[in-house]
Asker: 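Got a structure here, written out as structure tokens. Questions coming.
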Amino acid sequence: MNITARIKFFLFVTLRVWKYKFLSDCQRISGKPNLYLPILLSGKGKISFGKNVQIGVSAAHFTYSSYNYILAFDDDSEVVLGDNVVMANGASIQATSKISIEDNVMIGINCLLVDTDGHDLDPEKRMTGVPKSGAITVKKNVIIYYNSVVFKGVTIGENSVIGACSVVTKDIPPNVFAAGNPARVIRSL
């Protein structure tokens with residue numbers, strides 16, 4: 001890396017990484033990810049990083065303008081990232097119950113994994129009710145391509161691939177390519 005690239009990286013990435021560390025309020029963090037992009041860690045729950053977790057991809061777009069976000073909302077909320085997980089630029093994980101991402105998973109640019117409806121569906125309880133949630137499990141060797149969303153209660157099977165811009169609302173079996181809105185199995189791998 002030449003001196004100009006180093007200065008640019010320091011000014012536009014490293015300083016922002018420090019800023020987001022300062023802004024993060026989650027106190028129950030274990031493990032240390034490799035940061036190529038800022039990450040905001042928020043909530044009262046637990047966030048665990050396995051070995052060799054990579055946050056951000058410096059060769060991808062949004063390197064100088066985005067950040068990643070992980071929320072473990074309540075005391076009993078948990079986000080677990082296994083070994084060798086890559087979470088690309090602008091990705092978010094938001095847990096009110098539990099989100100487990102096993103080893104060797106790649107999460108693409110601007111992906112969202114969220115284990116709750118966010119608000120109660122009943123109009124009378126929308127502002128005060130407790131929304132439904134369900135744990136998300138992403139098994140080993142899964143790839144979730146850019147701009148995809150994984151919703152509550154979903155398990156994505158080992159070695160499966162989720163195509164770009166997909167909305168995953170139901171379980172995906174192992175060893176398949178799935179895509180669409182809602183995501184459906186396109187073919188076996």
Asker: What is the distance from atom CZ of Arg184 to atom CD1 of Ile172, rounded to the nearest 0.5 Å?
Answerer: 11.0 Å
Asker: Is a side-chain N or O of Asn2 found less than 3.5 angstrom from the main chain of Thr4, in a donor-acceptor match?
Answerer: yes
Asker: For Ala88 and Ile109, work out which heavy atoms get closest and say how close.
Answerer: CB-N, 3.5 Å
Asker: Kindly indicate, with the supporting measurements, whether the criterion side-chain contact (heavy atoms from CB on, under 4.5 Å) is fulfilled by Val80 and Lys98.
Answerer: CA-CA 8 Å; Val80 178; Lys98 185 173 184 177; 4.1 Å; yes
Asker: Classify the side-chain pair Thr137/Ser100 by whether it contains a donor and acceptor separated by less than 3.5 Å.
Answerer: no
Asker: Do Asn104 and Asn84 have side-chain atoms, one donor and one acceptor, less than 3.5 Å apart?
Answerer: yes
Asker: Kindly determine whether Ile144 and Ile156 satisfy side-chain contact (heavy atoms from CB on, under 4.5 Å), including the steps that lead there.
Answerer: CA-CA 10 Å; Ile144 303 172; Ile156 300 175; 4.1 Å; yes
Asker: Looking only at heavy atoms, which two atoms of Ser160 and Leu189 are closest? And how far apart?
Answerer: CA-CD1, 4.4 Å
Asker: Any donor and acceptor pair, going by atom type alone, linking the side chain of Ser166 with main-chain N or O of Gly180 inside 3.5 Å?
Answerer: yes
Asker: Would the distance check show the side chain of Arg28 and the main-chain N or O of Asp75 forming a donor-acceptor pair, the cut-off being under 3.5 Å?
Answerer: yes
Asker: Looking at every non-hydrogen atom in both residues, tell me the closest pair between Lys139 and Gly157 and how far apart they are.
Answerer: CB-C, 3.8 Å
Asker: Set out, in order, the CA-CA distance, both residues' side-chain angles and the distance that settles side-chain contact (heavy atoms from CB on, under 4.5 Å) for Leu37 and Leu35, then state yes or no.
Answerer: CA-CA 5 Å; Leu37 192 78; Leu35 300 178; over 6 Å; no
Asker: List the steps, then state whether salt bridge (charged side-chain N to carboxylate O under 4.0 Å, His left out) holds for Glu158 with Lys140.
Answerer: CA-CA 5 Å; Glu158 198 167 312; Lys140 292 179 181 177; 5.9 Å; no
Asker: For Asn52 and Asn34, run side-chain contact (heavy atoms from CB on, under 4.5 Å): C-alpha distance rounded to whole Å, both residues' side-chain angles, the deciding distance at 0.1 Å, then the answer.
Answerer: CA-CA 7 Å; Asn52 198 35; Asn34 301 315; 3.3 Å; yes
Asker: Whether the side chain of Asp74 engages the backbone of Lys44 through a donor-acceptor N/O pair (distance < 3.5 Å, no angle test) should be reported.
Answerer: no
Asker: For a quick check under 3.5 Å, do Ser97 and Asp115 share a side-chain donor-acceptor pair by atom type?
Answerer: yes
Asker: Please check if the number of heavy atoms outside Tyr145 that lie under 6.0 Å from its OH is greater than 12.
Answerer: no
Asker: For Ala72 versus Ser77, what's the shortest heavy-atom pair and its separation?
Answerer: C-CB, 3.7 Å
Asker: For Tyr146, does the OH atom sit with more than 12 other heavy atoms under 6.0 Å from it, leaving out its own atoms?
Answerer: no
Asker: Between Val154 and Leu112, is there shared hydrophobic-cluster membership here, with clusters defined by ILVMFWY side-chain heavy atoms closer than 4.5 Å?
Answerer: no
Asker: Taking Leu11 as the fixed residue, which of Ile7, Thr14, Val13 is the one that meets the side chain to side chain contact (heavy atoms under 4.5 Å, CB included) rule?
Answerer: Ile7
